[in-house]
Amino acid sequence: MEWATLAATGLGALVGVGSTLLADRMRWRRDLAERNRQERKAIYVTCLTKYRQAYEDMYAASARPPEGTGRDASVREAFRASGCDEVRESALICAPRELSDLLEAVYATLRELLEVLAAGDPPLDSPEFQEHRLRHGRAVWAARAAMRRDLDLDLGTDRRV
């Protein structure tokens with residue numbers, strides 16, 4: 001009888017320790033996944049924010065180049081100063097393949113706008129320029145949708161059910 005009690009106690013201790021270790025491992029994996037998701041979210045937000053700031057700065061530089069510099073130089077400097085290239089690299093490293101392709105499409109349309117704004121042709125109030133701007137906007141919206149999917153964000157539903 002003494003051996004049975006001792007064996008049952010030992011088995012109970014093993015089950016208790018094992019379940020505690022398993023629960024800790026599951027919590028660690030869940031926390032790691034959440035931390036990675038938050039890091040990707042921060043990079044995505046920074047990327048889109050930098051892209052938006054680059055567009056705004058390039059547009060302003062094109063509309064009113066600073067005294068003593070030409071339109072081309074001021075627009076290109078606005079793009080370089082935006083930090084787009086640096087944040088693009090960070091995003092491409094951590095983003096899934098589908099999202100990387102979409103971010104590259106956004107960057108390509110931003111570079112297209114860079115060339116248009118630097119040249120000053122077509123004029124900013126022309127339908128041709130608006131088409132360039134809309135192409136960039138569509139690329140940004142596609143990237144945002146993919147980012148939401150990657151981050152598993154469904155902003156159209158109430159999760160408190």
Side-chain angles (χ1 to χ4, degrees), residues 22-161:
L22 182 62
D24 284 348
R25 174 72 176 175
M26 290 172 58
R27 187 177 316 112
W28 174 79
R29 291 179 89 189
R30 187 178 56 245
D31 291 347
L32 179 62
E34 179 60 21
R35 197 169 36 253
N36 287 339
R37 190 179 76 76
Q38 290 298 328
E39 288 173 3
R40 284 193 323 275
K41 180 180 176 183
I43 289 171
Y44 295 163
V45 168
T46 301
C47 186
L48 290 180
T49 303
K50 292 280 188 177
Y51 285 0
R52 178 64 184 185
Q53 190 62 51
Y55 169 74
E56 295 292 333
D57 292 348
M58 290 186 310
Y59 186 89
S62 176
R64 294 178 306 285
E67 196 67 33
T69 62
R71 176 194 319 260
D72 184 75
S74 69
V75 169
R76 292 182 189 287
E77 180 53 34
F79 181 81
R80 273 191 296 280
S82 71
C84 283
D85 288 324
E86 295 85 357
V87 75
R88 172 180 163 242
E89 292 301 324
S90 295
L92 293 176
I93 288 170
C94 77
R97 177 68 175 186
E98 173 203 359
L99 194 47
S100 294
D101 292 344
L102 290 170
L103 286 171
E104 280 296 279
V106 173
Y107 185 78
T109 61
L110 187 63
R111 291 298 301 235
E112 181 182 301
L113 281 168
L114 165 69
E115 296 303 326
V116 167
L117 290 168
D121 187 39
L124 299 179
D125 59 354
S126 70
E128 294 85 13
F129 176 75
Q130 294 307 314
E131 182 54 40
H132 288 289
R133 194 181 62 75
L134 289 173
R135 190 175 12 255
H136 177 67
R138 285 189 295 269
V140 169
W141 277 102
R144 280 187 192 129
M147 288 173 184
R148 285 186 182 124
R149 284 190 305 274
D150 180 47
L151 298 172
D152 195 28
L153 296 177
D154 186 3
L155 302 177
T157 62
D158 188 357
R159 294 180 182 217
R160 297 175 295 185
V161 177

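In what follows, residues are counted from 1 in the order of the sequence shown. Atom set for the values below is all heavy atoms of this structure, side chains included, hydrogens, waters and symmetry mates excluded.
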Discussion item. Between E115 and E112, is the side chain to side chain contact (heavy atoms under 4.5 Å, CB included) condition met? List the steps.
Written reply: CA-CA 5 Å; E115 296 303 326; E112 181 182 301; 6.0 Å; no

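- R29 has no carboxylate O lying under 4.0 Å from a charged side-chain N of E34, or vice versa, which leaves the two without a salt bridge.
- Taking all atoms of both residues into account, the shortest heavy-atom contact from L110 to A54 is CD2-CB, 4.1 Å.
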Item to complete: Determine, step by step, whether Y51 and V106 satisfy the side chain to side chain contact (heavy atoms under 4.5 Å, CB included) criterion, reporting the C-alpha distance in whole Å, the side-chain angles of both residues, the deciding distance to 0.1 Å, and the verdict.
Response: CA-CA 8 Å; Y51 285 0; V106 173; 3.3 Å; yes

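- The distance from the OH atom of Y44 to the CZ atom of R148 is 13.5 Å, given to the nearest 0.5 Å.
- Considering every non-hydrogen atom in both F129 and P123, the closest pair reads CB-O, 3.3 Å.
- Of all heavy-atom pairs spanning L113 and H132, the tightest one is CD2-CB, 3.8 Å.
- A pairwise comparison of heavy atoms in A95 and S100 identifies O-OG, 3.4 Å as the closest pair.
- Distance alone, capped at 3.5 Å, places no donor-acceptor pair between the S62 side chain and the M58 backbone.
- Note that the CZ atom of R88 and the NZ atom of K50 stand 15.5 Å from one another [nearest 0.5 Å].
- Here the CE-CG distance, from M26 to D24, works out to 11.0 Å after rounding to the nearest 0.5 Å.
- A 4.5 Å side-chain heavy-atom check between R80 and E77 finds at least one atom pair inside the cut-off.
- One finds the CG atom of L92 at 7.5 Å from the SG atom of C47 (value rounded to the nearest 0.5 Å).
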Discussion item. Would L103 and M147 count as a side chain to side chain contact (heavy atoms under 4.5 Å, CB included) here? Give the steps.
Written reply: CA-CA 10 Å; L103 286 171; M147 288 173 184; 3.5 Å; yes

Practice prompt. Check step by step if side chain to side chain contact (heavy atoms under 4.5 Å, CB included) holds for F79 and L117.
Written response: CA-CA 11 Å; F79 181 81; L117 290 168; over 6 Å; no

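- Residues R133 and H136 bring no donor and acceptor atom of their side chains to less than 3.5 Å of each other.
- Note that CG of N36 and NZ of K41 are 14.5 Å apart. Values are rounded to the nearest 0.5 Å.
- Across A78 and A61, no two heavy atoms sit closer than the pair CB-CB, 4.3 Å.
- Atom CD in E89 sits 8.5 Å away from atom OH in Y107 (nearest 0.5 Å).
- Looking at every heavy atom in both residues, V116 comes nearest to P122 through CG1-CD, 3.6 Å.
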Discussion item. Is there a salt bridge (charged side-chain N to carboxylate O under 4.0 Å, His left out) between E56 and R52? Walk through the geometry before answering.
Written reply: CA-CA 6 Å; E56 295 292 333; R52 178 64 184 185; 2.6 Å; yes

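- By the 6.0 Å and 45° rule, R144 stacks over the aromatic ring of W141.
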